[in-house]
Every structure is written in C-alpha cells, then in structure tokens.
Amino acid sequence: KQEVTQIPAALSVPEGENLVLNCSFTDSAIYNLQWFRQDPGKGLTSLLLIQSSQREQTSGRLNASLDKSSGRSTLYIAASQPGDSATYLCAYTGTASKLTFGTGTRLQVTL
Amino acid sequence: EAGVAQSPRYKIIEKRQSVAFWCNPISGHATLYWYQQILGQGPKLLIQFQNNGVVDDSQLPKDRFSAERLKGVDSTLKIQPAKLEDSAVYLCASSLSAGARETQYFGPGTRLLVL
C-alpha cells in the first residue's frame with residue numbers, strides 16, 4: 001500500500017518565523033507532487049505543483065522541493081503570517097493517475 | 001470563472017437514513033472526482049468520472065454508496081443506508097481531463113454527520 005506521511009501533524013509558530021513542513025512517500029514512480037492548503041469549512045487550494053522532473057517550485061513566500069530518490073518533499077514558508085494558519089496537505093499523482101494524500105500538518109501562526 | 005459548487009454544505013442524519021450530495025463542476029471539465037475526508041485524515045478518492053463514464057470506483061463501498069454523472073456534467077453521490085463511520089467531509093473536484101498533469105479544482109465540500 002502506497003502511503004504519504006506528513007510531519008509534524010501540528011505546528012504553532014510566532015508570526016515572522018520561517019518554517020518547514022515535511023512530506024514523505026513510498027511510491028517511487030510519481031508523476032508530480034502537490035502541496036494544498038485547506039481552510040476550515042473550505043475545499044482544497046493547490047499551492048504548488050512539482051513535476052517529477054523538477055527539483056523545486058516557488059510562489060511568493062512558498063518554496064517546495066522534491067527529492068524522488070529519497071521519497072521526500074518539503075514546503076518552506078518564509079516570514080509566516082497569521083493568514084497562513086491552515087492545514088497543509090501534500091499529495092502525489094502516481095501511475096494510476098490519481099492523487100494520494102497525506103494526513104496533513106495543521107499550522108497555527110500566532111501574533 | 002466559477003468554481004466547483006457543492007450542496008448541501010452541511011447535513012446531519014441518523015444512521016440507516018439515506019443522504020445525497022450534489023456537485024456542479026467547472027464548466028468544460030470532463031473529469032469529476034468524489035473524495036471522502038474523515039476527520040484527521042487526508043482525502044481518499046471514492047470515484048472518478050470521465051464525462052459520464054466511471055474511470056475508477058475501486059474504493060467506493062458499493063453496498064451502500066452510489067454515484068452518477070448523467071449527461072457528463074453534474075454529479076450526485078448517495079449513501080443508503082448511512083453508518084456512523086460515514087461521518088466525513090465529501091469533496092468534489094474537477095479537471096479538464098484525466099491526465100496525470102491536470103490540476104484538480106476542489107469544491108468547498110459537504111460535511112456529513114451521522115448520529
């Protein structure tokens with residue numbers, strides 16, 4: 001069974017801190033990996049998508065990296081803000097062309 | 001561009017009752033997905049449609065769950081009869097096509113509580 005593990009499960013940081021969320025996966029044959037944001041009562045919003053041939057993607061204060069050989073991805077958030085508080089999910093697209101999600105990291109950025 | 005619409009947003013039912021959820025995908029999107037997200041877990045794919053045909057329903061509990069996508073646009077997901085463990089958020093998503101590189105766009109979800 002292919003699995004996705006996200007560490008930590010929950011994280012609380014003061015505003016302005018840089019932070020790293022971790023994602024590890026067991027499927028070695030992935031097409032891409034995505035990081036999603038989920039706000040309470042809302043759907044998922046795709047933040048960054050890294051194709052299997054890429055090493056990283058950047059969008060504003062967010063940077064995601066992918067190391068297929070070790071089965072790891074990280075999401076780096078720079079200068080965190082209270083508006084970044086949400087649950088962050090990583091998911092990969094495998095050979096079955098469907099998304100397999102991790103359990104998420106619940107982030108709280110405090111004032 | 002309008003996003004993926006879902007209704008109702010919340011539903012509370014008693015076990016053994018029936019419930020139905022509705023999804024309207026983004027216009028022009030051929031592929032539609034239903035996911036189940038249990039509290040504390042990531043979404044799990046229940047069924048995937050390509051137009052009005054089923055592509056993958058391997059994780060759909062077919063003894064109680066059913067889904068259809070008549071005319072290849074809107075879709076409904078039904079649970080009959082519901083069990084306590086069906087309490088979850090049901091997410092609908094759509095994409096232009098079923099390719100691995102296609103971005104899926106998610107609706108706000110329907111939160112179901114089975115008592």
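Note that the structure is predicted; figures quoted are calculated from it, not measured. Throughout, a chain's letter reflects where its sequence line sits, starting with A, and its residues are numbered from 1.
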If you draw a 6.0 Å radius around [atom1] in [X], do more than 12 non-hydrogen atoms from other residues or ligands fall strictly inside?
| X | atom1 | value |
| --- | --- | --- |
| Leu115(B) | CG | yes |
| Gln80(B) | CD | no |
| Arg55(A) | CZ | no |

Rounded distance [0.5 Å steps], [atom1] in [X] versus [atom2] in [Y]:
| X | Y | atom1 | atom2 | value |
| --- | --- | --- | --- | --- |
| Asn32(A) | Thr103(B) | CG | OG1 | 8.0 Å |
| Gln104(B) | Phe36(A) | CD | CZ | 6.5 Å |
| Lys98(A) | Gln59(B) | NZ | CD | 4.5 Å |
| Thr100(A) | Lys44(B) | OG1 | NZ | 12.0 Å |
| Leu99(A) | Leu45(B) | CG | CG | 8.5 Å |

Using the ring-ring contact (aromatic ring centres under 6.0 Å, His included) criterion, which residues pair with Tyr33(B)? Sequence neighbours excluded.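 By the ring-ring contact (aromatic ring centres under 6.0 Å, His included) rule, Tyr33(B) matches no residue at all.
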Partners passing ring-ring contact (aromatic ring centres under 6.0 Å, His included) against Tyr35(B) (at least two apart in sequence or in another chain):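 Tyr35(B): ring-ring contact (aromatic ring centres under 6.0 Å, His included) contacts with Phe101(A), Phe106(B).
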Say whether Val114(B) and Val89(B) are linked into one hydrophobic cluster, either directly or through other cluster members, by side-chain heavy-atom distances under 4.5 angstrom.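 Cluster IDs for Val114(B) and Val89(B) differ.
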Could you verify whether a donor N or O on one side chain and an acceptor N or O on the other, from Gln37(B) and Gln38(A), lie under 3.5 Å apart?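 Yes, because at least one side-chain N or O of Gln37(B) sits under 3.5 Å from a partner of the opposite role on Gln38(A).
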Shortest non-hydrogen contact between Leu89(A) and Pro43(B), atoms and distance: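 Residues Leu89(A) and Pro43(B), closest heavy atoms: CD1-CD, 4.2 Å.
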Side chain, backbone, both or neither: which part of Thr31(B) has a heavy atom under 4.5 Å from chain A?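 For Thr31(B), neither part sits under 4.5 Å from chain A.
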